[in-house]
Amino acid sequence: MIKPVPLYVGLKYVAARRRQQFISFINGFSLLGMALGVMALIVVSSVMNGFDRELKTRILSVVPHGFVEKTGGISDWRTARAELEGLPGVVAASPFVKGFGLLAANAHSQGVEFQGVLPADLGRVSVVGEHMLLGDLETLQPRSYSIVLGRLLALSLGVTPGDQVLLTLPDVTVTPAGIFPRTKRFTVTGVFSVGAQVDQSLALINIEDAARLVRMRGKVQGLQLKFADMNDAVGTVSRYADGLGEGFVGTDWSKTQGSLFAAVKMEKTVVMVMLMIIVAVAAFNIVSALVLMVADKRADIAVLRTLGLTSRQIMGVFVVQGSAIGVLGALAGAVLGILLALNISDIVRWFEELTGTYLFDPSVFFVSYLPSELRGDDVLVVLVAALLMSFAATLYPAWRASQVEPAEALRYE
């Protein structure tokens with residue numbers, strides 16, 4: 001024969017009609033289980049990649065890629081900014097003063113991070129100005145004590161532009177009359193919405209007003225940095241800060257927001273491991289199908305042995321047969337998974353329009369649609385894992401087939 005005997009016979013067994021319908025059913029069930037498992041893994045990994053991309057795009061378009069700060073503040077921040085903007089990868093730098101406090105209005109209160117910014121300069125490092133629902137950042141003028149809130153923060157406090165809010169700082173003022181918490185009343189002049197967590201926790205004020213609140217007049221707390229590629233900021237910001245001199249400290253987004261993205265990555269890993277069980281079940285079905293096949297084909301095995309096939313070749317026949325089921329199932333699942341991953345956003349949108357319901361309520365979820373990002377490395381990992389499990393599942397039944405003795409098998413034929 002021109003073809004290798006184990007490959008030829010194994011593929012013939014796959015294509016041949018079964019005398020026992022139960023064996024055919026198990027083979028088909030194994031192939032279907034493998035296809036569904038691979039499809040589910042590819043679709044879920046793509047959706048998790050999509051959520052990771054959306055979070056990074058939305059959060060890191062508002063939150064700077066890096067911060068350079070100095071203990072006690074930076075007085076000559078313009079010189080430091082010019083030096084930083086001349087470094088490789090840095091697109092822009094903008095001064096800031098930040099702090100934390102309790103914002104209260106209409107008998108509601110919410111913990112917030114307030115950030116003092118230069119309104120005309122903020123657009124160089126953040127896209128908040130492009131996502132203003134009400135008002136404008138230019139209203140944040142010195143000594144005006146104006147404040148711009150995220151949409152969900154304004155909603156929870158029940159305020160709109162023109163309303164006043166009370167900011168209480170985690171600090172006290174000592175007077176002859178006693179100790180009082182430091183508070184300041186602000187007027188809401190704008191509301192922004194970027195579709196990320198900062199909509200619920202960020203408030204913007206003028207940098208001079210913020211410096212007075214934190215007792216840092218004439219100085220800024222640090223500089224916000226924007227990189228051409230946000231991944232370049234990881235590890236680079238601290239090195240750039242060291243180059244500015246003693247007392248400067250650099251922090252990149254992987255430290256300020258890294259826990260969120262690490263949680264998303266961990267969730268993706270756990271979900272994929274759980275879904276891999278579906279593929280493992282399909283592989284166990286291959287074991288069952290081959291064990292029954294070996295019992296059904298004992299006479300054929302004996303004939304092949306008498307014709308000169310070795311134990312290794314008999315083993316190869318059943319390895320080929322079981323692997324073929326795994327390969328066909330994995331490839332079918334990969335094709336279906338890729339097609340579904342590429343179109344799942346449109347499918348969900350069509351379903352929402354058809355039923356009039358929302359899978360992700362925009363008033364509750366930051367990402368109100370089902371994002372998807374298909375990555376070739378994820379598809380490759382899923383396919384390799386499925387094929388390896390399919391191959392491993394064939395070894396024991398194939399070994400059992402190789403141990404069949406021709407005389408014993410043909411005694412009662």
Side-chain angles (χ1 to χ4, degrees), residues 62-87 90-103 111-126 128-129 137-149 165-175 180-187 189 198 201-227 233 236-253 255-256:
V62 179
V63 178
H65 299 161
F67 298 90
V68 173
E69 303 176 53
K70 184 179 182 181
T71 305
I74 306 173
S75 54
D76 189 12
W77 59 267
R78 291 178 176 79
T79 301
R81 180 175 68 174
E83 187 173 344
L84 286 170
E85 289 182 341
L87 296 173
V90 179
V91 175
S94 178
F96 74 93
V97 174
K98 68 178 180 180
F100 297 90
L102 186 68
L103 209 58
V112 298
E113 175 187 345
F114 64 88
Q115 194 171 107
V117 297
L118 287 176
D121 210 38
L122 183 61
R124 304 172 68 231
V125 295
S126 175
V128 171
L137 288 178
E138 296 302 323
T139 57
L140 301 179
Q141 296 301 316
R143 297 175 180 261
S144 66
Y145 291 101
S146 302
I147 190 168
V148 172
L149 307 177
V165 293
L166 186 67
L167 178 63
T168 303
L169 302 179
D171 196 2
V172 294
T173 300
V174 180
T175 68
F180 297 94
R182 297 186 63 215
T183 61
K184 185 62 184 178
R185 194 167 297 277
F186 285 82
T187 301
T189 58
V198 292
S201 59
L202 182 64
L204 301 176
I205 61 178
N206 185 271
I207 194 169
E208 291 188 21
D209 295 343
R212 290 190 184 92
L213 287 176
V214 299
R215 296 170 177 171
M216 196 179 286
R217 295 189 180 186
K219 298 181 180 180
V220 300
Q221 190 171 344
L223 294 162
Q224 305 175 97
L225 303 182
K226 180 180 180 180
F227 282 71
T236 305
V237 178
S238 58
R239 190 172 70 250
Y240 286 173
D242 293 339
L244 292 177
E246 187 177 355
F248 285 90
V249 178
T251 308
D252 57 67
W253 66 266
K255 296 179 181 178
T256 58

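None of these values were measured; they are calculated from a predicted model. Residue indices begin at 1 and follow the sequence shown.
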On a heavy-atom basis, which atom in [X] and which in [Y] lie closest, and how many Å separate them?
X: D121; Y: A93; value: OD2-O, 3.8 Å
X: A211; Y: K219; value: CB-O, 4.1 Å
X: A241; Y: G250; value: CB-N, 3.4 Å
X: R124; Y: A92; value: O-CB, 3.5 Å

Report yes if the side chains of [X] and [Y] come closer than 4.5 Å at any heavy-atom pair, otherwise no.
X: K98; Y: E69; value: yes
X: V128; Y: V148; value: no
X: L223; Y: P95; value: yes
X: V117; Y: I207; value: no
X: V214; Y: F114; value: yes
X: K184; Y: L169; value: no
X: L84; Y: R81; value: no
X: V68; Y: Y240; value: no

Can you tell me how far [atom2] of [Y] sits from [atom1] of [X], rounded to the nearest 0.5 angstrom?
X: L213; Y: I205; atom1: CG; atom2: CD1; value: 5.0 Å
X: I147; Y: T189; atom1: CD1; atom2: OG1; value: 8.5 Å
X: S146; Y: E138; atom1: OG; atom2: CD; value: 12.0 Å
X: T236; Y: F227; atom1: OG1; atom2: CZ; value: 5.5 Å
X: L225; Y: H65; atom1: CG; atom2: NE2; value: 10.0 Å
X: L118; Y: N206; atom1: CG; atom2: CG; value: 7.0 Å

Ring centre gap for F67 and F96 strictly below 6.0 Å: yes
Full working for side-chain contact (heavy atoms from CB on, under 4.5 Å) between M216 and Q221: CA-CA 8 Å; M216 196 179 286; Q221 190 171 344; 4.2 Å; yes
Check against side-chain contact (heavy atoms from CB on, under 4.5 Å), D242 and F248: CA-CA 6 Å; D242 293 339; F248 285 90; over 6 Å; no
Test: D209 and R212 ion pair at under 4.0 Å: yes
Q224 vs L122, side-chain contact (heavy atoms from CB on, under 4.5 Å): CA-CA, chis, key distance, verdict: CA-CA 9 Å; Q224 305 175 97; L122 183 61; 4.2 Å; yes
